Each structure stands twice: as C-alpha cells, then as structure tokens.
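A quick note: this is a predicted structure, and the numbers were derived from the prediction, not measured.
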Protein chains: 2
Amino acid sequence: MKREEFSVDCSACPIRHKAVCSRCEPDELDELERIKFYKFYPAGQTVAIRGEPLETVASVVGGVATLTRSMEDGRTQLVGLLLPSDFIGRPGRTAIEYDVTAVTDLTLCCFNRKPFEDLLVRFPHVRERLLEMALDELDAARDWMLLLGRKTARERIASLIALIVKRSTRPDGSVMGTGTRIELPITRETMANYLGLTIETVSRQLTKLRADGIIELDGKRGIIIPDLGGLLAETGDDDDGGMIF
Amino acid sequence: MKREEFSVDCSACPIRHKAVCSRCEPDELDELERIKFYKFYPAGQTVAIRGEPLETVASVVGGVATLTRSMEDGRTQLVGLLLPSDFIGRPGRTAIEYDVTAVTDLTLCCFNRKPFEDLLVRFPHVRERLLEMALDELDAARDWMLLLGRKTARERIASLIALIVKRSTRPDGSVMGTGTRIELPITRETMANYLGLTIETVSRQLTKLRADGIIELDGKRGIIIPDLGGLLAETGDDDDGGMIF
DNA sequence: TGGGCCCTTTGACTTGCGTCAATGTCAGGA
DNA sequence: TCCTGACATTGACGCAAGTCAAAGGGCCCA
C-alpha cells in the first residue's frame with residue numbers, strides 16, 4: 001500500500017479545529033500539533049483492509065472515504081461515508097473492522113494510536129468528544145437501517161440526495177435555498193453499494209425522479225434541486241427529521 | 001404510561017457488575033447504589049417514544065426490549081435489540097431518538113440523567129466504558145446494515161438465529177455444542193421488523209430451513225440447532241466473523 | 001367443552017428490483 | 001481524429017419477496 005507524505009496547512013485540520021479539540025486549551029493544542037501527521041491517498045486507493053492491524057487513528061481533512069463490509073461472493077455494503085471532520089479508528093481496538101477506501105483524493109490527519117490513547121487519559125474532554133461522535137454515527141447508522149430495511153428504491157435515492165444536501169450545508173446555519181446545485185462525490189456504483197441497490201436501479205430511479213421534476217441532472221455528477229421540499233417529500237421521512245441545523 | 005416500582009436484588013444489576021462499573025472502586029459503587037432505582041414494564045408496554053424528552057438513562061437487568069424507527073405509513077424497522085446488560089439513553093442528549101418497547105417483561109436499572117452526568121465527570125472510566133459500548137453497538141449496527149442491504153431472506157434468518165445463539169452463550173467461554181435448544185425471545189413480527197422482511201417470509205424461510213435439516217422447530221418459540229456449523233454456513237458471513245468468544 | 005383471540009403457517013398471485021445484455025457518453029492518449 | 005476504457009443509461013426478462021387471503025394451532029376463560 002503506497003502512502004505518500006503530504007504537506008497541508010494546519011488550519012484545515014478538523015482534529016484541531018472541530019472534530020476533537022474545540023474545547024482544547026492552547027497547551028493541549030500544542031501537544032496535538034506535535035504528534036499529528038498527514039497522509040494523502042489518491043482516488044480509488046485502499047486505505048485499510050478489514051482484519052489488518054491498525055496502529056493509527058485519523059480524521060478526514062479533505063476528500064471522501066467509505067467504510068464497507070463485503071461478503072465472499074462480492075456483495076458489498078457501504079456502512080459509512082466519511083466526509084471532512086469524520087473520524088476513523090477506535091481507541092482501544094487494534095484490528096480494523098471495515099475496509100476503508102478513498103473515493104476521491106483524500107487527506108487524513110493521523111495520530112499514532114499509542115500517543116493518542118495516552119492523550120485521552122490526560123484530556124478527558126477529548127474522550128467526551130469521541131463519545132459524542134460515536135453516538136452521532138450510531139444514530140446515522142440506525143437511520144440507514146430503516147432505509148435499507150424498509151424504504152423503496154425511489155425513497156432511498158431521494159434520502160441519499162437529501163443527506164448529501166444536508167452534509168454540504170455549512171454548519172454556520174446558511175440553509176440551502178431552492179435551485180441548489182450539488183456535486184455527488186461518489187459514482188453510481190458507490191451509491192448503489194450505499195443504498196443496497198444495483199447501479200441499474202440507481203440509474204433508473206434518478207431518471208424517474210428527473211422525469212417527475214424532483215431533480216435535474218447536470219452531467220454525470222451534478223444534481224440540481226429545484227424544490228428542496230419536493231425532494232424531502234420523496235424520502236418517506238417525517239418532515240423535520242434531521243433537517244434542523 | 002404505567003410505570004411500577006419493582007424491587008430487585010442488587011446483585012443482578014449489570015450497571016454495577018458489568019455494563020458500567022467493572023472497574024469501579026468501592027466508594028464509587030456506593031455512589032452508584034445511592035442514585036440508582038429500578039423500573040418494571042410488562043411485556044408489550046411502551047418504555048419511551050421518539051421525540052419525548054428523556055430524563056433517565058438505564059441498563060437492562062432482565063427481559064428484552066427493542067429500539068425501533070417507523071415511517072408514517074406504518075413501515076417499521078427494528079434498529080436495536082436490548083438484552084440484559086445493554087444500555088439505554090445517551091448522556092448529553094435530552095430527546096429520545098427511537099421508540100423503546102418491552103418485548104418480554106422488562107426490568108431496568110435507572111439513573112436520573114443529571115446525577116449520572118455529574119458522576120461521569122468524576123469517574124472518567126465510566127465514560128470510557130460508555131464509549132466502548134457505543135462503539136460495540138456501532139459495529140453491530142453496521143453488521144446489520146450488510147444484512148439489510150445485501151443478504152437474502154434465508155441468510156437473514158440464519159444470521160438472526162446465529163446472533164441469538166451467540167448472545168445466549170455465557171461470556172465465560174462455554175461455547176454452545178451441537179443439539180442446542182434456544183428460545184427466541186421475540187415474535188415473528190418482531191423478527192420480521194428486525195430483518196426487514198414480512199412475517200410471511202420469515203415463516204416460510206423457517207419452514208424451509210427446517211425442511212433442509214438446518215434447524216428444528218420446537219413449539220412457536222423454541223429452535224433446536226443440530227449442527228451449529230451448518231447454521232453458520234447459511235448466514236453468508238465469513239466463518240470466523242464474530243463467533244470468537 | 002366450546003368459543004374467541006392471537007399468532008403462525010400455507011397457498012395463490014403480484015410486483016419491484018435484480019440480471020443480463022446492448023447502447024450511449026465522455027475524457028484521455030496515441 | 002479515432003481509439004479505448006470507464007462509467008452511465010436503457011430495455012427485456014426472471015425471480016425473490018411482498019400482498020392478499022384462508023386455514024391451522026394453542027391458550028385463556030366462560
């Protein structure tokens with residue numbers, strides 16, 4: 001596995017600024033700075049494989065990565081979509097549970113496991129933040145269970161687009177208006193593996209949603225949402241579910 | 001909502017003995033003892049409803065509870081199965097994310113949220129334990145995503161039975177042999193809602209697994225597994241996945 | 001002993017999504 | 001400019017699981 005060192009402006013690192021350390025004291029930030037390092041993976045590259053020992057934890061700085069579980073015969077289910085500020089790895093466990101893949105070019109802010117765990121002992125609020133993140137991921141996973149177990153193909157597609165709209169929105173509160181254009185960060189195959197569908201079904205449902213005026217397709221990856229409310233109505237969710245910023 | 005007080009022997013409380021406090025000092029145990037209290041719910045009773053404010057966290061002492069998400073039209077997906085020693089609620093959040101229902105008669109060991117959170121600040125290892133539990137639940141949820149997204153009905157049924165066998169096994173290492181009989185703690189409807197299927201499909205696949213000699217049915221709830229390896233081969237999982245005790 | 005209720009099983013039929021296969025689109029390289 | 005390969009769309013067809021409906025059990029209680 002090829003792993004190149006990659007120099008990145010520290011101010012972009014979410015470990016420091018968002019994911020872990022929004023409550024850090026200056027001297028704690030200095031300590032985080034000392035032990036962190038960056039890694040870069042080109043699009044398509046495998047970051048980690050299930051069962052492999054893992055000696056680092058990391059936070060996504062830029063790009064998109066996926067967590068997947070696969071069966072021997074090739075059936076694949078995406079179990080997590082990692083966008084900037086998301087965390088990879090779990091303190092206290094050495095083996096990796098999922099395959100991690102870079103979908104786009106990917107920059108990670110890494111910490112070796114041992115020094116990071118030492119740091120958790122001294123900075124309890126970092127562990128508190130990790131607990132919050134784990135519980136948020138758990139909620140997200142459970143919402144996805146409803147999608148995979150009970151939603152129709154059309155509802156799944158609408159839910160995914162709504163999710164990406166939501167995650168594309170700045171957390172500063174600037175809500176997307178109408179006529180928004182978003183860029184799908186993933187291929188049809190990745191979408192299918194996330195939604196528990198085939199690429200053909202994904203394609204057909206996107207075509208149908210376009211025919212029904214719910215979305216407009218703009219090239220292979222671009223989607224324009226003329227009416228966000230119309231899209232949300234197609235997800236099958238309660239109106240307010242998760243759309244509160 | 002009827003909630004009766006219920007007296008229980010403290011030694012059965014997993015908060016004290018397993019879920020949270022295996023590392024507690026004696027004086028910490030005393031403090032936990034002081035603030036805990038028990039609640040009892042008869043089978044079928046609603047414990048909590050999504051959106052409702054939640055002022056307690058709890059640990060399952062006896063019985064089975066479920067976490068579910070539902071859509072307006074009635075489609076329901078079970079997102080968690082709570083067996084003794086499992087934890088309900090999340091510190092730092094006041095609203096409930098899921099519907100919680102007692103499937104069998106259920107005994108909970110409860111803590112009011114505020115004193116429990118105060119306790120977390122003073123006993124950091126309790127928060128460490130909560131993080132471990134959250135990450136374990138996250139792994140379980142993601143395994144279930146693979147099941148819901150990609151497995152056939154037959155594989156889902158086999159996986160559920162295997163899961164219940166696994167969870168019925170003592171953690172002291174006594175592995176179930178062949179010819180084991182287990183008691184399904186849930187109805188066909190609950191199974192269907194857990195597996196993303198209909199009750200008819202669940203029933204048909206159970207019948208087929210019996211016809212193929214993978215399982216034997218013993219009354220409505222009992223299942224005899226003549227050959228555990230044969231059952232595991234039907235789950236679609238890697239041989240060793242999760243079956244290490 | 002029988003009736004009512006709930007859960008489960010079974011059968012006949014339907015359908016949404018998967019499978020297989022062909023065609024379309026676009027970007028990069030010779 | 002054409003070739004090539006990767007990704008996406010579309011169509012025809014099949015099947016696994018859903019839907020609708022009826023017929024068992026098993027348990028409680030009159």
Side-chain angles (χ1 to χ4, degrees), chain A residues 42-45 64 66 71 73-77 101 103-105 147-161 183-212 215-223 234 236, chain B residues 42-44 71 73-77 101 103-104 147-161 183-212 215-223 234 236:
Chain A
Q45 183 124 15
V64 180
T66 58
M71 300 170 68
D73 61 8
R75 279 176 285 175
T76 295
Q77 178 64 48
T101 310
V103 175
T104 64
D105 285 354
L147 179 145
L148 293 172
R150 294 302 185 195
K151 287 189 180 177
T152 65
R154 183 186 179 94
E155 289 168 339
R156 294 183 199 205
I157 299 287
S159 297
L160 177 62
I161 298 172
E183 189 80 10
L184 291 178
I186 52 178
T187 65
R188 295 284 185 274
E189 186 181 12
T190 306
M191 291 176 66
N193 286 335
Y194 203 9
L195 297 171
L197 300 170
T198 60
I199 55 176
E200 294 94 331
T201 300
V202 170
S203 185
R204 274 188 262 267
Q205 293 300 330
L206 281 171
T207 303
K208 257 186 208 157
L209 285 171
R210 183 185 51 182
D212 295 345
I215 60 172
E216 291 162 30
L217 301 180
D218 179 27
K220 282 186 178 176
R221 297 293 184 87
I223 291 187
E234 295 291 337
Chain B
M71 300 171 69
D73 61 8
R75 281 177 283 174
T76 296
Q77 178 64 47
T101 310
V103 174
T104 64
L147 179 145
L148 293 172
R150 294 303 185 194
K151 287 189 181 179
T152 64
R154 183 187 179 94
E155 289 169 338
R156 294 184 199 203
I157 298 286
S159 297
L160 177 63
I161 298 172
E183 190 81 8
L184 291 179
I186 52 178
T187 66
R188 295 284 184 272
E189 186 181 13
T190 306
M191 290 177 67
N193 286 336
Y194 203 9
L195 297 171
L197 299 171
T198 59
I199 55 174
E200 293 95 330
T201 300
V202 170
S203 184
R204 274 188 262 268
Q205 293 299 330
L206 282 170
T207 303
K208 257 186 209 158
L209 285 171
R210 183 185 51 182
D212 295 344
I215 59 172
E216 291 162 30
L217 301 180
D218 179 27
K220 281 186 180 176
R221 297 292 184 86
I223 290 188
E234 296 292 335

Sugar-phosphate, base or nothing in reach of A/Gly44, heavy atoms under 4.0 Å: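 The residue A/Gly44 makes no contact with any strand.
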Sugar-phosphate, base or nothing in reach of B/Leu197, heavy atoms under 4.0 Å: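 Sugar-phosphate only.
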[X] side chain near [Y] side chain, heavy-atom distance below 4.5 Å:
X: B/Ile223; Y: B/Leu217; answer: yes
X: A/Leu206; Y: A/Met191; answer: yes
X: B/Glu234; Y: B/Asp212; answer: no

Heteroatom pairs (N/O) under 3.5 angstrom, protein to nucleotides 20-27 of chain D:
unit_1	atom_1	unit_2	atom_2	d
D/dC20	N4	B/Glu200	OE2	3.2
D/dG25	N2	B/Lys220	NZ	3.4

Send over the distance from [X] [atom1] to [N] [atom2], rounded to a whole Å.
X: A/Arg210; N: D/dT9; atom1: CZ; atom2: P; result: 8 Å
X: A/Leu209; N: D/dA8; atom1: CG; atom2: P; result: 17 Å
X: B/Leu195; N: D/dA16; atom1: CG; atom2: P; result: 18 Å
X: A/Asp218; N: D/dT9; atom1: CG; atom2: C1'; result: 17 Å

Boundaries of the chain A footprint along DNA chain C (any atom under 4.0 Å from a heavy atom):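 Range of nucleotides within reach of chain A: C/dC17 to C/dT25.
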Under 4.0 angstrom between A/Thr187 side-chain N/O and D/dA6 OP1 or OP2: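 For D/dA6, neither OP1 nor OP2 has a side-chain N or O of A/Thr187 closer than 4.0 Å.
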Which atom of A/Gly236 lies closest to which atom of A/Glu155, heavy atoms considered: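 Scanning both residues completely, I find the closest heavy atoms to be CA-OE2, 4.1 Å.
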Can you list, pair by pair, the side-chain donor-acceptor contacts under 3.5 Å of residues 193-205 of chain B, counting residues two or more places apart and other chains?
unit_1	atom_1	unit_2	atom_2	d
B/Asn193	OD1	A/Arg150	NH2	3.1
B/Thr198	OG1	B/Thr201	N	3.3
B/Thr198	OG1	B/Thr201	OG1	3.1

Check: B/Arg156 side chain, B/Lys151 main-chain N or O, donor-acceptor pair, under 3.5 Å: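 Judged by distance alone, yes, a pair lies under 3.5 Å.
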Sequence-distant partners of B/Glu189, salt bridge (charged side-chain N to carboxylate O under 4.0 Å, His left out), two or more places apart: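 B/Glu189 satisfies salt bridge (charged side-chain N to carboxylate O under 4.0 Å, His left out) with no residue once adjacent residues are dropped.
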Positions of residues 149-157 of chain A (non-hydrogen atom under 4.0 Å from DNA chain D), listed by number: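 The answer is none.
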Spatial distance of atom CD1 (B/Ile215) from atom CD1 (B/Ile161) [nearest 0.5 Å]: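 Here the interatomic distance stands at 4.5 Å.
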Distance (rounded to the nearest 0.5 Å) between A/Leu160 CG and A/Leu184 CG: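 Nearest 0.5 Å value for the CG-CG distance: 7.0 Å.
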Evaluation steps, side-chain contact (heavy atoms from CB on, under 4.5 Å), between A/Lys208 and A/Ile157: CA-CA 11 Å; A/Lys208 257 186 208 157; A/Ile157 299 287; over 6 Å; no
Set of residues satisfying side chain to side chain contact (heavy atoms under 4.5 Å, CB included) with respect to A/Val103, sequence neighbours excluded: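 By the side chain to side chain contact (heavy atoms under 4.5 Å, CB included) rule, A/Val103 matches A/Val64, A/Thr66, A/Ile186.
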A/Thr198 or B/Ile199, whichever maps to the more 5' nucleotide of DNA chain C: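 Mapping each residue to its closest nucleotide by heavy atoms, the 5'-most match is B/Ile199.
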